[in-house]
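Since the model is a prediction, treat every value here as computed from it, not as a measurement.
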Amino acid sequence: GGTDPDDPDEPVDPTDPPVSGEFTFTKVTSESQLSPDYTYLIVYEDEEKAMGEQNGKYRNPVGVTLSGNQITTNVNGNGQPRALNLGGTKGAYTLYDGVEKVYLALKTSDNELNGSTTATTNEAKWTITFGSGCSIRNNAHTDKYINYNSDKPRFACYKTSSNQQPVALYRCTTTTGIAEITADDGAKVDVYTVTGMKVRSQVTRADALDGLEKGVYIIGNKKYLVK
């Protein structure tokens, strides 16, 4: 965590830059699978659509391929699904788009889905529960849920009575967090900076970070810290 030096009351935004590239996501079926260590897709399964970029007062759908309860897709690029960072706590979760640097929010009582640069108000907090499916309810407008509108293809917030389509959450199979290297791992790996520049090629995992400058490096979709 920590705080933003420009605004000490404001929590630091999640990982920057956001993860990008191809990842596999698995369907979430209980709240125990919600963790800030992972990114998430919001998906309308029947038409195989995942939530993409902001488009005015709602979010665009992007086609994905469901295979059983898994989706493998490139994320966070132009016209690609957004892998959202989960934050907050039970009953007041936040969903952060690291590409557009906004939290998903509902700022009006209309059928919209907005972006907020801060997550301090209930407009940017969500109650996520799992019963027969997944429910993502806004904490300011408590009769509004994130749904999919298949007549006007978009993700936005609607009342239950409007009979829009429910969404599902899919969790990335690799964590966003800092991982520990296990010294007994003799696998050959490539090492990248967080900006995507390759700094080592085909070194053993145990030796991968030896002698590198302080900072965060990426090996096999996981981040490692050199202190």
Side-chain angles (χ1 to χ4, degrees), residues 1-5 10-28 33-43 50-54 59 62 64-67 69-88 93-104 115 117 119 169-227:
T3 54
D4 184 330
E10 184 62 30
V12 169
D13 288 334
T15 315
D16 187 72
V19 293
S20 59
E22 185 176 84
F23 294 92
T24 297
F25 296 80
T26 304
K27 185 173 180 173
V28 178
Q33 295 166 293
L34 299 181
S35 158
D37 293 335
Y38 298 88
T39 58
Y40 294 82
L41 300 179
I42 294 177
V43 178
M51 183 185 288
E53 70 271 8
Q54 192 75 29
R59 283 200 166 237
V62 182
V64 290
T65 303
L66 268 70
S67 177
N69 64 350
Q70 290 199 325
I71 295 170
T72 299
T73 181
N74 283 288
V75 297
N76 292 346
N78 205 11
Q80 294 174 354
R82 292 286 191 254
L84 303 167
N85 292 84
L86 185 80
Y93 289 108
T94 58
L95 293 160
Y96 182 75
D97 177 343
V99 180
E100 298 179 43
K101 295 185 167 38
V102 292
Y103 295 89
L104 298 193
T117 54
L169 277 178
Y170 278 67
R171 184 175 92 168
C172 193
T173 53
T174 52
T175 65
T176 60
I178 302 288
E180 293 294 324
I181 282 204
T182 47
D184 59 358
D185 193 340
K188 292 281 200 285
V189 296
D190 295 334
V191 184
Y192 296 86
T193 65
V194 287
T195 56
M197 192 174 78
K198 187 189 282 190
V199 289
R200 297 245 166 112
S201 186
Q202 293 300 298
V203 291
T204 63
R205 190 174 277 267
D207 300 334
L209 300 177
D210 286 358
L212 288 176
E213 289 184 19
K214 287 181 185 174
V216 177
Y217 295 88
I218 295 171
I219 303 172
N221 292 340
K222 284 193 178 178
K223 297 200 185 83
Y224 296 87
L225 184 63
V226 175
K227 294 175 183 171

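A side chain to side chain contact (heavy atoms under 4.5 Å, CB included) with M51 is found for one member of L41, L95, I42 and no other, namely I42.
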Residue pair Y170, L66: steps toward the side chain to side chain contact (heavy atoms under 4.5 Å, CB included) verdict | CA-CA 11 Å; Y170 278 67; L66 268 70; 3.6 Å; yes
Derivation of the side chain to side chain contact (heavy atoms under 4.5 Å, CB included) call for I219 and D190 | CA-CA 6 Å; I219 303 172; D190 295 334; over 6 Å; no
Take V189 and V203, measure what side chain to side chain contact (heavy atoms under 4.5 Å, CB included) needs, and give me the verdict at the end.
-> CA-CA 5 Å; V189 296; V203 291; 4.3 Å; yes
Which is it for D97 and R59 under the side chain to side chain contact (heavy atoms under 4.5 Å, CB included) test, yes or no, and what are the steps along the way?
-> CA-CA 11 Å; D97 177 343; R59 283 200 166 237; 2.9 Å; yes
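In this structure, Q70 and T26 have side chains that are in contact, with non-hydrogen atoms separated by less than 4.5 Å. Looking at V99 and E53, their side chains never come closer than 4.5 Å, going by heavy atoms from C-beta outward. Contact annotation: the side chain of Y40 approaches that of L34 to within less than 4.5 Å [non-hydrogen atoms, C-beta and beyond]. Taking the side chain as every heavy atom from C-beta outward, L169 and F25 never approach each other to under 4.5 Å. Side-chain contact between T72 and E22 is present, with heavy atoms from C-beta onward closer than 4.5 Å. Annotation: side chain of Y96 is in contact with side chain of K101 (closest heavy-atom distance under 4.5 Å).
Between C172 and Y38 the shortest heavy-atom distance is O-CD2, 3.1 Å. Listed here is the closest heavy atom pair of V64 and A50: CG1-CB, 3.8 Å. Across all non-hydrogen atoms, the minimal contact from P81 to V62 is CD-CG1, 3.7 Å. Pairing each heavy atom of Y103 with each of T117, the nearest pair is CE1-O, 3.8 Å. Among all heavy-atom pairs drawn from T94 and G88, the shortest one is OG1-N, 3.6 Å. Of all the heavy atoms in V199 and T193, the pair that sits closest is CG1-CG2, 3.7 Å.
By the 6.0 Å contact criterion, CG on D210 is enclosed, its count of non-hydrogen atoms from other residues, nucleotides or ligands being greater than 12.
Between atom CE of residue M197 and atom OH of residue Y217 there is a gap of 8.5 Å, rounded to the nearest 0.5 Å. To the nearest 0.5 Å, atoms CZ (R171) and CG (D37) are separated by 8.5 Å.
Between the side chain of R200 and the backbone N or O of V191 there is no donor-acceptor pair closer than 3.5 Å. Not a single donor-acceptor pair under 3.5 Å links the side chain of Q54 to the backbone N or O of E100.
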